[in-house]
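None of the values given here were measured: they were computed from a predicted structure. Note on naming: letters A, B, ... go to the chains in the order of the sequence lines (proteins, then strands), and numbering restarts at 1 for each one.
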There are 2 protein chains.
Amino acid sequence: MESILKKKKISETPFRINVLEIINSSNTAVAMSHIENNLDKYNRITLYRTLKTFTKKGIIHPIQIAGKEIMYAMCEDSCGAEHQHNHLHLECKKCKTVSCVDVAENMMPNLSAYQIDSFEVYAKGICTTCKSA
Amino acid sequence: MESILKKKKISETPFRINVLEIINSSNTAVAMSHIENNLDKYNRITLYRTLKTFTKKGIIHPIQIAGKEIMYAMCEDSCGAEHQHNHLHLECKKCKTVSCVDVAENMMPNLSAYQIDSFEVYAKGICTTCKSA
DNA sequence: TTACATTTGCAACATTGTTACAAATATAGC
DNA sequence: GCTATATTTGTAACAATGTTGCAAATGTAA
């Protein structure tokens, strides 16, 4: 975890390491409330600032589904502040988790009337884990 | 406008007709602040409740882009409370508007490891109007 | 180990969203 | 058109979410 912070050139503090561990140890997106509940030492303002900093540095990306709590997931190493992810955000209707699914380049919509540079998909369905269970 | 409210079985009040006119008269999604600024008679609480009611009745759908103000756009006539739209939400990088773009059924991602029932896409690119200008 | 830069936590505040309740308005039946 | 009933509106009060200034605490680099 510390190396990620070092790579992105921000200070390694116990709080930040703690937040990053919580997000990174989940293979699905985590809600802010989940982070709160799992922190060693919770401070609302610091958490907001930490998540904002991580987002700006391309460490995590927020997933905001209308009417639901904001969730966060790890970015690719190469990710910058622009967050051009081109992947699905899949909410599983069975386990209710939200996870990121990479989409092949040829899935990119290319309707000639438009020019689409990047996209984010919010999908509902059943995730791999639930499907193979 | 009145007929839409009648069809969805909710009372026709001047406020609701006003809100619906504002949303319906735009061919792009409208921000809540835009509605506020164009109402004959603005009341914050009533507007929240009205937008909530319209969303629940399948008249409009919210478009929430991480970190940005919630926007609203008209639903198809057939739309219910579930809002299974299967269309793109395209934010134009030139004119900054957000519009709904229908996507052909064969565009539906069908990765065998998953089961995707419905999806919403938030895309960045250039809209028809800007592209043909 | 020291000096400097950054982060943290507190307080205070701004914004956004919700609820209870009485007054106002819309709707349906006569 | 008028009346009774149901629904909606606006006020107030509050809850939740997000932001900023500043001093103390901590991290980083020399």
Extract all donor-acceptor atom pairs below 3.5 Å that involve side chains of residues 92-101 of chain B and protein atoms in other chains or at least two apart in sequence.
unit_1   : atom_1 : unit_2    : atom_2 : d
Lys93(B) : NZ     : Asp117(A) : OD2    : 2.4
Lys96(B) : NZ     : Lys93(B)  : O      : 3.1

Scan residues 22-43 of chain A for pairs that pass salt bridge (Lys or Arg N to Asp or Glu O under 4.0 Å), counting only residues two or more places apart or in two chains. none
Nearest whole angstrom, please: distance from the P of dT16(C) to the CD of Gln64(A). 13 Å
Just call it for Ile70(B): base, sugar-phosphate, or nothing, with non-hydrogen atoms closer than 4.0 Å on any strand. sugar-phosphate
Using chain A heavy atoms and a threshold of under 4.0 Å, write down where along DNA chain D the contacts begin and end, 5' to 3'. dT17(D) to dT28(D)
Which residues pass the side chain to side chain donor-acceptor pair (under 3.5 Å) test with Thr129(B), sequence neighbours left out? none
Could you state the CD-C1' distance from Glu69(A) to dG17(C), rounded to the nearest angstrom? 15 Å
Side-chain donor-acceptor pairs of residues 67-74 of chain B under 3.5 Å, sequence neighbours excluded:
unit_1   : atom_1 : unit_2   : atom_2 : d
Lys68(B) : NZ     : Glu91(B) : OE2    : 2.6
Glu69(B) : OE1    : Ser33(B) : OG     : 3.2
Glu69(B) : OE2    : Ser33(B) : N      : 2.8
Glu69(B) : OE2    : Ser33(B) : OG     : 3.0

Taking the side chain as every heavy atom from C-beta outward, state whether Phe15(A) and Leu39(A) have any pair of such atoms under 4.5 Å apart. yes
Taking five pairs at each end of the helix from dT1(C)-dA30(D) to dC30(C)-dG1(D), what angle separates the two helix axes (nearest 10°)? 50°
Side chain to side chain donor-acceptor pair (under 3.5 Å) partners of Ser26(B), counting only residues at least two apart: Thr28(B)
Using a cut-off of 4.0 Å between protein heavy atoms and nucleotide atoms, how would you tag nucleotides 18-30 of chain C 5' to 3' with B, S and -? BBB-----SS---
Stepwise side chain to side chain contact (heavy atoms under 4.5 Å, CB included) check, Leu51(B) with Ile35(B): CA-CA 10 Å; Leu51(B) 294 172; Ile35(B) 302 174; 4.0 Å; yes
Could you give the OH-to-C1' distance, from Tyr42(A) to dT8(C), as a whole number of Å? 14 Å
Applying side chain to side chain donor-acceptor pair (under 3.5 Å) to Ser11(B) and not counting sequence neighbours gives none
Restricting to pairs with a member in residues 44-55 of chain B, which pass salt bridge (Lys or Arg N to Asp or Glu O under 4.0 Å), not counting sequence neighbours? none
Which part of the nucleic acid does Leu47(A) contact within heavy-atom distance under 4.0 Å: base, sugar-phosphate only, or nothing? nothing
Within the structure shown, what part of the strands sits under 4.0 Å from Lys9(A) by heavy-atom distance: base, sugar-phosphate, or nothing? nothing
Sorted by chain and number, sequence neighbours left out, side-chain contact (heavy atoms from CB on, under 4.5 Å) with Asn27(B) holds for none
Strictly by ring pair (Phe, Tyr, Trp, His ring centres under 6.0 Å), give each pair with a member in residues 33-70 of chain A just once, sequence neighbours left out. His61(A)-His85(A), His61(A)-His87(A), His61(A)-His89(A)
